[in-house]
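Note that these values count all heavy atoms, side chains included, but never hydrogens, waters or copies made by symmetry. First the proteins, then the strands, lettered A, B, ... as listed; each starts at 1.
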Number of protein chains: 2
Amino acid sequence: MFSKSTEYALRATIYIAQKSSEEHKVGLAEISAAIDSPPSFTAKILQALRKDNKIIRSVPGPNGGFYITEKAKNLPVHAILKVMGEDDVLNKCVLGLDKCSEAKPCPMHSEYKFIKAQLLELFDRKTILDLENDIKTGEVFIKNSRKK
Amino acid sequence: MFSKSTEYALRATIYIAQKSSEEHKVGLAEISAAIDSPPSFTAKILQALRKDNKIIRSVPGPNGGFYITEKAKNLPVHAILKVMGEDDVLNKCVLGLDKCSEAKPCPMHSEYKFIKAQLLELFDRKTILDLENDIKTGEVFIKNSRKK
DNA sequence: TCAAAAAAAGATATGGGACTCCTTAATGGG
DNA sequence: CCCATTAAGGAGTCCCATATCTTTTTTTGA
């Protein structure tokens with residue numbers, strides 16, 4: 001559904017939410033190990049998220065790293081998707097028509113719109129904090145198995 | 001949601017269903033004009049669909065072209081997606097985890113699975129014939145506006 | 001049987017996503 | 001103030017989806 005970049009962004013943000021605070025930051029190496037993502041590439045993605053200045057923050061130097069404020073944890077997953085430029089993915093027509101709309105629908109539109117609405121609702125409702133809490137229950141995970 | 005190739009495949013198939021029969025075939029030029037897709041690229045995609053030997057058929061030479069049998073029109077949209085290799089797209093984890101499952105879910109899994117199920121149901125239920133009929137009511141279209 | 005028509009096949013760009021590496025800047029500890 | 005640490009930034013690689021162009025093969029109709 002989403003690009004690799006976005007997948008890493010989501011997993012990394014959840015991990016940072018889970019493990020960091022303003023006092024205790026997490027480093028790139030730990031993050032990419034925890035979510036099993038390529039470190040250098042993850043760095044680029046975290047840079048992008050950081051520049052947005054809304055979701056994650058970072059500090060260089062010893063004991064530096066990434067963190068996320070309690071306030072930012074209340075942001076919906078949709079905020080991450082927006083930064084990663086996935087907004088259009090969710091609004092796109094199944095058949096790829098630019099002008100597909102309620103007024104000029106494609107043959108899939110009338111049925112797909114209800115499903116799309118649920119997707120949008122889910123990503124708007126679910127916050128970073130929600131996902132972090134799910135992890136803490138231990139019933140849920142964000143680490144990929146190492147590829148062979 | 002899907003690749004350009006798949007979008008063209010869907011639109012082209014619907015157009016062929018709408019305009020062709022075993023007696024009256026439609027040519028590549030007409031198809032790509034009707035759905036506004038690059039002709040040469042569309043040719044490749046139709047080749048792939050054709051090779052599958054289930055959905056569309058073709059005949060070269062004068063008055064040749066592409067067509068689809070009445071029987072094949074009863075195939076679900078999912079059949080096209082399968083040929084285009086989009087099967088994994090629909091089964092993929094939102095966070096990109098290989099092992100995400102009911103037993104080992106990601107934090108989005110429990111809510112996303114219901115939406116995913118609806119998507120799968122829609123693509124399994126909706127047939128090519130259904131889409132063709134929607135077009136015939138005239139309330140629906142498959143042609144993109146020409147890009148400037 | 002020949003020529004035209006149309007799809008099939010092959011060869012070749014091109015742009016962007018995915019990723020790596022190297023250098024630079026910022027920070028904190030000794 | 002210097003050095004180790006860590007993120008930021010820049011440049012470049014690789015591959016695949018997208019797309020085009022050309023040549024070959026198949027078929028039909030005259």
Side-chain angles (χ1 to χ4, degrees), chain A residues 1-13 16 19-20 22-33 35-53 55-68 83-86 88-89 96 144 147, chain B residues 1-12 16 19-20 22-33 35-53 55-68 83-86 88-89 92 96 144 147:
Chain A
M1 165 172 286
F2 299 121
S3 65
K4 289 253 180 215
S5 300
T6 299
E7 292 172 357
Y8 296 147
L10 291 168
R11 304 221 298 275
T13 302
I16 295 167
K19 293 286 175 122
S20 81
E22 196 149 356
E23 299 78 44
H24 181 78
K25 304 168 190 79
V26 278
L28 173 66
E30 180 182 340
I31 295 167
S32 57
I35 67 173
D36 192 40
S37 66
S40 298
F41 190 45
T42 307
K44 294 293 177 202
I45 294 158
L46 292 177
Q47 265 180 52
L49 285 175
R50 205 279 198 206
K51 274 190 188 166
D52 178 61
N53 248 333
I55 306 171
I56 65 170
R57 295 170 188 275
S58 70
V59 174
N63 295 313
F66 299 88
Y67 66 100
I68 182 168
V83 179
M84 299 306 292
E86 300 274 13
D88 55 332
V89 172
N144 240 337
K147 312 221 172 46
Chain B
M1 165 170 285
F2 299 122
S3 66
K4 290 247 179 218
S5 300
T6 299
E7 291 171 359
Y8 296 148
L10 291 167
R11 304 219 300 273
I16 294 167
K19 292 288 176 120
S20 81
E22 194 149 358
E23 299 79 42
H24 180 76
K25 303 166 191 81
V26 278
L28 172 66
E30 181 183 338
I31 295 166
S32 56
I35 67 172
D36 191 39
S37 66
S40 299
F41 190 47
T42 307
K44 294 291 176 208
I45 293 159
L46 291 177
Q47 266 180 50
L49 283 176
R50 206 278 198 207
K51 274 190 187 166
D52 178 61
N53 249 334
I55 305 171
I56 65 170
R57 295 170 188 275
S58 69
V59 175
N63 294 317
F66 298 88
Y67 67 100
I68 182 167
V83 179
M84 299 305 293
E86 300 274 14
D88 56 332
V89 173
K92 224 180 128 192
N144 238 339
K147 308 215 176 53

Student check: side-chain heavy atoms of [X] and [Y] closer than 4.5 Å:
{"X": "K25(B)", "Y": "S20(B)", "result": "no"}
{"X": "I45(B)", "Y": "M84(B)", "result": "yes"}
{"X": "S32(B)", "Y": "Y8(B)", "result": "no"}

What's the CD-C1' distance between E22(A) and dT27(C), to the nearest Å?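 Distance, rounded to whole Å: 15 Å.
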Under 3.5 Å, is there a donor-acceptor pair linking the side chains of T42(B) and S37(B)?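 Judged by distance alone, the side chains do pair up.
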Check the interface with nucleotides 7-11 of chain C: list each N/O to N/O pair with the protein under 3.5 Å, or write none.
residue: dA7(C); atom: OP1; partner: L28(B); partner atom: N; Å: 2.9
residue: dA7(C); atom: O3'; partner: S58(B); partner atom: OG; Å: 3.2
residue: dA8(C); atom: OP1; partner: R50(B); partner atom: NE; Å: 3.4
residue: dA8(C); atom: OP1; partner: S58(B); partner atom: OG; Å: 2.8
residue: dA9(C); atom: N7; partner: K44(B); partner atom: NZ; Å: 3.4
residue: dA9(C); atom: N7; partner: Q47(B); partner atom: NE2; Å: 3.2
residue: dG10(C); atom: N7; partner: K44(B); partner atom: NZ; Å: 2.8
residue: dG10(C); atom: O6; partner: K44(B); partner atom: NZ; Å: 2.8

Check this for me: does any side-chain nitrogen of one of E7(A) and K92(B) sit under 4.0 Å from a carboxylate oxygen of the other? yes
Report the C-alpha separation of V59(B) and F66(B) in whole Å, then their side-chain angles, then the decisive distance to 0.1 Å, and conclude whether the side-chain contact (heavy atoms from CB on, under 4.5 Å) test is met. CA-CA 7 Å; V59(B) 175; F66(B) 298 88; over 6 Å; no
For the atom pair CG (D36(B)) and CZ (R11(B)), what is the distance rounded to the nearest 0.5 Å?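 If I round to the nearest 0.5 Å, the distance is 7.0 Å.
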Find the distance between CZ (R57(A)) and CG (L46(A)) and round it off to the nearest 0.5 Å.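 Here the interatomic distance stands at 15.0 Å.
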Assess the residue pair S5(B) and F41(B) against the criterion (side-chain contact (heavy atoms from CB on, under 4.5 Å)); give the C-alpha distance rounded to whole Å, side-chain angles, the decisive distance to 0.1 Å, and a yes or no. CA-CA 8 Å; S5(B) 300; F41(B) 190 47; 3.3 Å; yes
Outermost nucleotides of DNA chain D that come under 4.0 Å of a non-hydrogen atom of chain B: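 Footprint of chain B along DNA chain D, 5' to 3': dT18(D) to dG29(D).
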Report, one pair per line, the protein and nucleotides 15-18 of chain C atoms (nitrogen or oxygen only) whose separation is under 3.5 Å.
residue: dA18(C); atom: OP1; partner: K4(A); partner atom: N; Å: 2.9
residue: dA18(C); atom: OP2; partner: S5(A); partner atom: OG; Å: 3.1

Of all heavy-atom pairs linking I35(B) and A12(B), the shortest is CD1-N, 3.7 Å
